[in-house]
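Nothing here was measured: the structure is a model prediction, and the numbers come from that model.
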Amino acid sequence: MTAVSGMQPLASIGEREERAAMDLRHLRYFTTVAAEGSFSRAAEKLHIAQPPLSRQIQQLEEELGVRLLDRGRPITMTEAGRYLFEQGLQVLQRVEEMSAMTTRIGKRLVLQFNIGFVASTLYDTLPQLIRDFRILAPDVEVQLLEMTTLEQISALKDGRIDVGFGRLRFDDDMLVRKVLREEGLCVALGGAHALLARGGTPTLADLEAEPLILYPKAPRPSYADQVLSFYREAGIRPRIGMEVRDVQTALGLVASGVGICVVPASVRRFGRDDVQFLDLDEKFTSPIIVSYRRNDTSVLLQQIIGLAGRGAPGWQVDGLHDP
């Protein structure tokens, strides 16, 4: 195959893997020399001879096209070298942690359970649920991953998470989805908003002229579309102010006086002094929905679903795989 003019041929998979391994070794060599301030001490610590260590660092500088070390006595780092040193230490530490965890999982020294969640569920039942799950399964490594409901669906199908907690209703033959509860909504207002002085419980009609801050901005559909559907049900066309990534950003904009935001009632627990919340007169609700793979027979999944369903009417843990 002829390479396109002006472009380098693509490296083979083996060449790319070899280059990645070489880069990691270079990074370890460089951070050791930089930390020791001496090629001789670094060579002794790395258990290699000094001349090849010096050549490796020189090769790294040539590949990057910058000087990383001022070779005086003691050796000092250039500005570029200091940046690489700081970032390199973090990369090497992460690689070590990843390797150690992989070994522990492979030897069954630890189990890992991944939970996807939308941010607003952190203000509701999720924190207590995670605490109870950790008590029930103390040897399990629990990883929490913030993601929208749609992102959770892909992650469940790909096996990247084991269970998801979201708010968006939809059907999928590969997944089981159960409503844990319906949560009431309220409106978030800036601390000096005129509606606060009026008191009472506003309706969406009272909010029609207010710039509405929506979240999440993407992917759609999402909780933002739920809010818009409430306005449609009330026969009101909202005045869209901004669309943002998450509820924390939305509340920050509310505090700045940019607009209002319709949020689940549990978001009151966010604890901002510059944002006030009023219940809505209409009985609009947003569900908290747990999702998991239809054919998943994991004991850990049964345990967390059992904990999540405590107090939910008609909840049956032994019917885990029923739609």
Side-chain angles (χ1 to χ4, degrees), residues 8 10-117 119 122 127 130-131 134 137-148 151 154-155 158-162 245-246 248-249 252:
Q8 296 294 327
L10 292 175
S12 67
I13 294 176
E15 289 172 338
R16 290 199 298 272
E17 289 177 345
E18 182 179 356
R19 187 178 304 161
M22 180 77 71
D23 289 345
L24 191 59
R25 184 182 64 187
H26 279 163
L27 195 57
R28 184 172 289 108
Y29 287 173
F30 167 72
T31 54
T32 303
V33 172
E36 295 294 328
S38 164
F39 277 99
S40 59
R41 288 197 298 270
E44 182 178 350
K45 192 170 185 177
L46 292 166
H47 305 291
I48 62 174
Q50 182 175 335
L53 175 59
S54 180
R55 286 196 297 270
Q56 292 288 340
I57 300 301
Q58 185 177 0
Q59 183 181 350
L60 177 60
E61 290 178 318
E62 290 173 354
E63 289 179 356
L64 295 175
V66 295
R67 185 164 49 85
L68 300 172
L69 298 172
D70 287 325
R71 290 161 172 78
R73 291 183 180 275
I75 292 173
T76 58
M77 289 176 279
T78 64
E79 184 177 355
R82 282 191 295 272
Y83 174 80
L84 182 62
F85 177 72
E86 294 170 0
Q87 298 298 315
L89 289 179
Q90 296 180 35
V91 170
L92 292 172
Q93 180 180 358
R94 180 64 182 137
V95 169
E96 289 179 4
E97 292 172 352
M98 183 174 58
S99 299
M101 180 58 71
T102 301
T103 300
R104 292 177 66 195
I105 292 173
K107 292 182 178 179
R108 299 188 180 278
L109 298 176
V110 65
L111 294 174
Q112 187 168 347
F113 192 82
N114 299 325
I115 300 173
F117 67 96
L122 279 179
I130 300 304
R131 285 193 292 270
R134 289 183 187 276
D139 297 328
V140 175
E141 184 77 19
V142 178
Q143 184 174 9
L144 298 173
L145 303 167
E146 182 181 348
M147 51 181 66
T148 66
E151 290 169 339
S154 297
D158 294 343
R160 288 180 283 120
I161 62 173
D162 300 290
R245 167 66 186 177
D246 52 46
Q248 292 91 343
T249 304

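- Put simply, OG1 on T148 and CG on D246 are 12.0 Å apart, with the number rounded to the nearest 0.5 Å.
- The side-chain contact (heavy atoms from CB on, under 4.5 Å) search around Q58 returns E62, not counting sequence neighbours.
- For the atom pair M77 CE and T31 OG1, the distance stands at 10.0 Å (nearest 0.5 Å).
- The salt bridge (Lys or Arg N to Asp or Glu O under 4.0 Å) search around R134 returns none, not counting sequence neighbours.
- Taking every heavy atom of both residues into account, G116 and M147 meet most closely at CA-CG, 4.2 Å.
- Every residue two or more places apart in sequence or in another chain that forms a side-chain contact (heavy atoms from CB on, under 4.5 Å) with R71 is listed here: F39, I57, E61, L69.
- Between the side chain of N114 and the backbone N or O of D162 there is no donor-acceptor pair closer than 3.5 Å.
- Residue pairs meeting the salt bridge (charged side-chain N to carboxylate O under 4.0 Å, His left out) criterion with at least one partner in residues 78-95, sequence neighbours excluded, are R94-E97.
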Listed pairs under 3.5 Å, donor-acceptor, residues 44-53 side chains, sequence neighbours left out:
residue	atom	partner	partner atom	Å
K45	NZ	E36	OE2	3.3

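- In this structure T76 satisfies the side-chain hydrogen bond (donor to acceptor under 3.5 Å, both in side chains) test with no other residue, sequence neighbours excluded.
- Scanning for side-chain hydrogen bond (donor to acceptor under 3.5 Å, both in side chains) contacts around R245 gives an empty result, with sequence neighbours left out.
- Partners of T78 under the side-chain hydrogen bond (donor to acceptor under 3.5 Å, both in side chains) rule, at least two apart in sequence or in another chain, do not exist in this structure.
- Residues meeting the side-chain contact (heavy atoms from CB on, under 4.5 Å) test with L122, sequence neighbours left out: F117, L126.
- Scanning for side-chain hydrogen bond (donor to acceptor under 3.5 Å, both in side chains) contacts around S154 gives an empty result, with sequence neighbours left out.
- Listed by chain and number, the residues in a side-chain contact (heavy atoms from CB on, under 4.5 Å) with L64 are L60, V66, L68, L84 (sequence neighbours excluded).
- Distance CD/Q59 to NE2/H26: 4.0 Å, rounded to 0.5 Å.
- The CG atom of L92 sits 4.5 Å away from atom CG of L27, with the distance rounded to the nearest 0.5 Å.
- The two atoms that bring F85 and F30 nearest to each other are N-CE2, 3.7 Å, heavy atoms only.
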